Amino acid sequence: MSARALSGPLGVREMSRALSRIASFVGRTPERLAVSRIAAREDPFHVLTATIISLRTRDEVTDVAAPRLLSVAPTPAALAATPEARIARLIYPAGFYRTKARTLRALARVLVEEHGGRVPHTLDELLALHGVGRKTANLVVTLGHGRPGICVDTHVHRICNRLGFVRTRHPDETEAVLRQRLPRRWWIPINDVLVAFGRGHCTPLSPRCSTCPVLDLCHRVGVGRSR
Ligand code: SF4
């Protein structure tokens with residue numbers, strides 16, 4: 001597979017064009033993230049809970065485990081009152097379900113005792129909560145509260161680097177660059193769009209470049225074998 005010779009970093013306009021094409025490309029597939037489906041309920045607590053369950057867990061499992069827990073404990077107060085062993089049973093077989101049960105219950109108690117039973121809406125307040133990392137905090141800000149934020153996970157980090165829009169080594173650096181360069185309208189949807197694209201097309205190993213909708217724009221940085 002030979003790529004078109006491209007010079008310089010991908011510009012803002014080209015990045016918007018690439019994301020528009022990728023969004024319509026993945027829009028033709030039925031895949032949607034379990035967390036995004038739950039986010040459609042517009043409840044930050046549900047987004048927070050589902051995101052923690054989804055870490056290191058297959059989407060199909062999150063899709064069942066998160067609604068099962070949330071049907072029993074739909075609020076921080078209800079979750080704080082649910083025994084840890086029951087939470088673990090409800091979210092099984094999510095990865096690290098026992099640890100997550102402990103984290104979720106402790107989080108619920110902090111939300112009740114220190115935040116009036118509400119999920120904070122700022123990154124700093126969310127990051128101060130035990131068990132909440134940047135990915136989770138950004139998803140809660142964007143999908144739960146509908147506020148500006150950029151959730152950079154492994155797919156967003158990899159694809160933004162391959163495209164040539166950023167040149168970074170760590171997702172946190174990617175987030176910082178995207179906050180400076182990415183047009184606001186893409187801040188919230190970029191995660192959903194690139195996660196779907198990264199799972200089905202621009203995969204970690206051997207991406208499907210020959211049928212890619214943005215092959216003509218992509219710098220294919222660091223891409224070796226491809227299909
Ligand atoms: Fe670039 Fe290939 Fe990924 Fe498409 S599939 S974005 S051409 S690396």
Side-chain angles (χ1 to χ4, degrees), residues 1-37 39 51 54-63 95 133-139 141-143 148-227:
M1 164 82 38
S2 64
R4 179 168 77 83
L6 295 163
S7 61
L10 197 70
V12 171
R13 198 173 296 171
E14 288 144 321
M15 185 64 180
S16 275
R17 200 180 322 147
L19 285 171
S20 293
R21 277 197 225 161
I22 293 170
S24 18
F25 184 75
V26 297
R28 290 200 293 270
T29 72
E31 180 180 28
R32 289 211 66 206
L33 292 176
V35 172
S36 300
R37 277 192 290 276
T51 304
S54 77
L55 302 173
R56 300 193 181 205
T57 298
R58 281 181 294 116
D59 215 34
E60 308 87 83
V61 173
T62 305
D63 218 5
R134 285 199 83 81
K135 176 185 168 182
T136 302
N138 268 301
L139 276 175
V141 168
T142 56
L143 297 180
I150 305 175
C151 179
V152 176
D153 66 357
T154 175
H155 296 288
V156 176
H157 175 62
R158 179 182 70 255
I159 297 169
C160 286
N161 271 281
R162 280 179 172 173
L163 282 167
F165 191 63
V166 302
R167 185 164 293 188
T168 55
R169 299 175 75 89
H170 192 274
D172 289 358
E173 291 173 60
T174 302
E175 184 191 327
V177 176
L178 290 177
R179 279 178 179 272
Q180 287 176 357
R181 300 190 63 209
L182 190 69
R184 282 272 175 145
R185 71 189 180 94
W186 286 110
W187 280 29
I188 291 179
I190 190 172
N191 182 270
D192 209 9
V193 168
L194 292 190
V195 167
F197 188 55
R199 287 181 171 178
H201 213 85
C202 190
T203 46
L205 298 174
S206 195
R208 301 172 184 272
C209 299
S210 61
T211 53
C212 178
V214 294
L215 177 61
D216 60 321
L217 297 172
C218 183
H219 288 241
R220 300 179 72 236
V221 175
V223 175
R225 196 160 56 90
S226 66
R227 289 173 274 176

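Note that the coordinates shown come from a computational prediction; the quantities given were computed from them, not determined experimentally. In each ligand, atom 1 is the first atom listed, and ligand 1 is the first ligand listed.
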Can you give me the closest heavy-atom contact between Arg162 and Pro204, atom names plus distance? NH2-O, 2.7 Å
Listed partners of His201 passing ring pair (Phe, Tyr, Trp, His ring centres under 6.0 Å), at least two apart: Phe25, Phe197
Near atom 1 (Fe) of ligand 1, protein N/O/S count under 2.8 Å comes to 1
Please determine, by modelled atom types, if Thr174 and Thr168 share a side-chain donor-acceptor pair under 3.5 angstrom. yes
Under 3.5 Å donor-acceptor, Asn138 side chain and Val141 backbone: no
Of all heavy-atom pairs linking Phe165 and Leu182, the shortest is CE2-CD1, 4.1 Å
Flag side-chain contact, heavy atom, 4.5 Å: Thr136 against Leu55: yes
